[in-house]
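Here the structure is laid out as structure tokens; the discussion comes afterwards.
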Amino acid sequence: MTKRFGYRTCLRIFTVFLFIFLGINSANGEVVVGFGDSITQGYPYIRQHGNGQRIGGYEPELERLFNQTGRSVIVLNWGIAGEITPDGVGRIDSVLTRSNPDHILLLEGTNDYFKGISVPTTIFNLSVMIDKSRRRNVVPIIATLTPDLRPNNKRVEINYNPDIRRLARQKGVLIAD
């Protein structure tokens, strides 16, 4: 039997995993960018695009966890509700330039499923975002897609997450699963 978690619980669990992963090599004064769709933005609780603000679904909690340990880490929200990975590929360079982060948390692809974008296309786009981040000496961390909380709907995770995990292994990037 699978236990089902609510939206806020899933965000909390995701945040703790990110904190653990980022805490391995974090130093004082780092900038972390949350990059993705409505989950990153924090919708429905945050209704405007992140635009590099210190707001969001998981970002404020992640920043709070870092600062509790005595580290000076700023976590910026660059989430846009409804974004698909082709848009993320086009947007990531400007976010990297404007924020100059040390780490970028890539949580993209859920809307690809709903817009009919194929798994191979989504994986290719995520790969491009990883490569663009690395070219700027930014450490990418990729996330699997969060559970679809609608009853009896597991298609998003089943269709995309195995390939996201495989991409993380191939590229040698950390994964928040």
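If you're wondering where the values come from, they're calculated on a predicted model, not measured in any experiment.
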Discussion item. With a 3.5 Å distance limit and no angle check, can you tell me whether Arg91 reaches the backbone of Trp78 through a side-chain donor-acceptor pair?
Written reply: yes
Worksheet item: Is there a donor-acceptor contact under 3.5 Å from the side chain of Asp102 to the main chain of Val31?
Response: yes
Fill in: Exercise: identify the closest heavy-atom pair between Ser127 and Lys171
OG-CE, 2.9 Å
Worksheet item: Under a single-linkage definition using a 4.5 Å side-chain heavy-atom cutoff for Ile, Leu, Val, Met, Phe, Trp and Tyr, are Ile80 and Val128 assigned to the same hydrophobic cluster?
Response: no
Practice prompt. To the nearest 0.5 angstrom, please state how far the CD1 atom of Ile92 sits from the CG atom of Asp131.
Written response: 10.0 Å
Discussion item. For Met129, is there any backbone N or O sitting under 3.5 Å from a side-chain donor or acceptor partner on Ser133?
Written reply: yes
Discussion item. Nearest 0.5 Å, please: how far is CD1 in Ile117 from CD1 in Ile84?
Written reply: 4.0 Å
Worksheet item: Do the side chain of Lys132 and the main chain of Val89 share a donor and acceptor less than 3.5 angstrom apart?
Response: yes
Item to complete: May I ask you to decide if Pro101's main-chain N or O and Glu30's side chain share a donor-acceptor pair within less than 3.5 Å?
Response: no
Worksheet item: Between Asp87 and Asn111, is a side chain to side chain contact (heavy atoms under 4.5 Å, CB included) present by the stated rule, with each step listed?
Response: CA-CA 11 Å; Asp87 296 336; Asn111 294 313; over 6 Å; no
Discussion item. Nearest 0.5 Å, please: how far is CD1 in Ile175 from CZ in Arg166?
Written reply: 11.0 Å
Fill in: Member of Thr85, Thr40, Ile130 meeting the side-chain contact (heavy atoms from CB on, under 4.5 Å) criterion with Leu106
Ile130
Worksheet item: So do Val75 and Arg64 actually touch side chain to side chain, heavy atoms under 4.5 Å?
Response: no
Discussion item. Assess the residue pair Val138 and Val33 against the criterion (side chain to side chain contact (heavy atoms under 4.5 Å, CB included)); give the C-alpha distance rounded to whole Å, side-chain angles, the decisive distance to 0.1 Å, and a yes or no.
Written reply: CA-CA 10 Å; Val138 176; Val33 163; over 6 Å; no
Fill in: Shared hydrophobic cluster, Tyr58 / Phe66 (ILVMFWY, side-chain heavy atoms < 4.5 Å)
yes
Worksheet item: Counting distance only, does the side-chain N/O of Asn51 pair as donor-acceptor with the main-chain N or O of Gln53 below 3.5 Å?
Response: no
Item to complete: Drop me the distance from Leu62's CG to Ile74's CD1, to the nearest 0.5 angstrom.
Response: 12.5 Å
Worksheet entry | Shortest non-hydrogen separation from Gln41 to Gly50 and the atoms involved | CG-N, 4.4 Å
Practice prompt. Taking all heavy atoms of Gly109 and all of Thr122, pick out the closest pair and write down the distance.
Written response: CA-CG2, 4.1 Å
Response to the item:
Heavy-atom nearest pair, Ile142 first then Ala168, reads CG2-CB, 3.9 Å
Item to complete: Among Gln68, Arg54, Arg71, find the one that has a side chain to side chain donor-acceptor pair (under 3.5 Å) with Glu63.
Response: Arg54
Practice prompt. Decide side chain to side chain contact (heavy atoms under 4.5 Å, CB included) for Ile164 and Ile123; before the verdict, give the C-alpha distance in whole Å, the side-chain angles of both, and the deciding distance to 0.1 Å.
Written response: CA-CA 7 Å; Ile164 291 172; Ile123 298 305; 3.7 Å; yes
Discussion item. Just verifying a value: how many Å separate Arg165 CZ and Asp177 CG, rounded to the nearest 0.5 Å?
Written reply: 4.0 Å
Worksheet item: For Gly56 and Asn77, which heavy atoms make the closest approach, and how far apart are they?
Response: CA-ND2, 3.1 Å
Discussion item. Rounded at 0.5 Å granularity, tell me how far CG in Leu145 sits from CG in Asn161.
Written reply: 4.5 Å
Practice prompt. Assess whether atom CZ of Arg98 is packed by more than 12 heavy atoms of other residues, nucleotides or ligands within 6.0 Å.
Written response: no
Discussion item. Side chain to side chain contact (heavy atoms under 4.5 Å, CB included), that's the test. Do Gln48 and Ile55 meet it? Break it down for me.
Written reply: CA-CA 10 Å; Gln48 75 269 16; Ile55 60 170; 3.4 Å; yes
Worksheet item: Which atom names give the shortest non-hydrogen contact between Leu76 and Glu59, and what distance separates them?
Response: O-CG, 4.1 Å
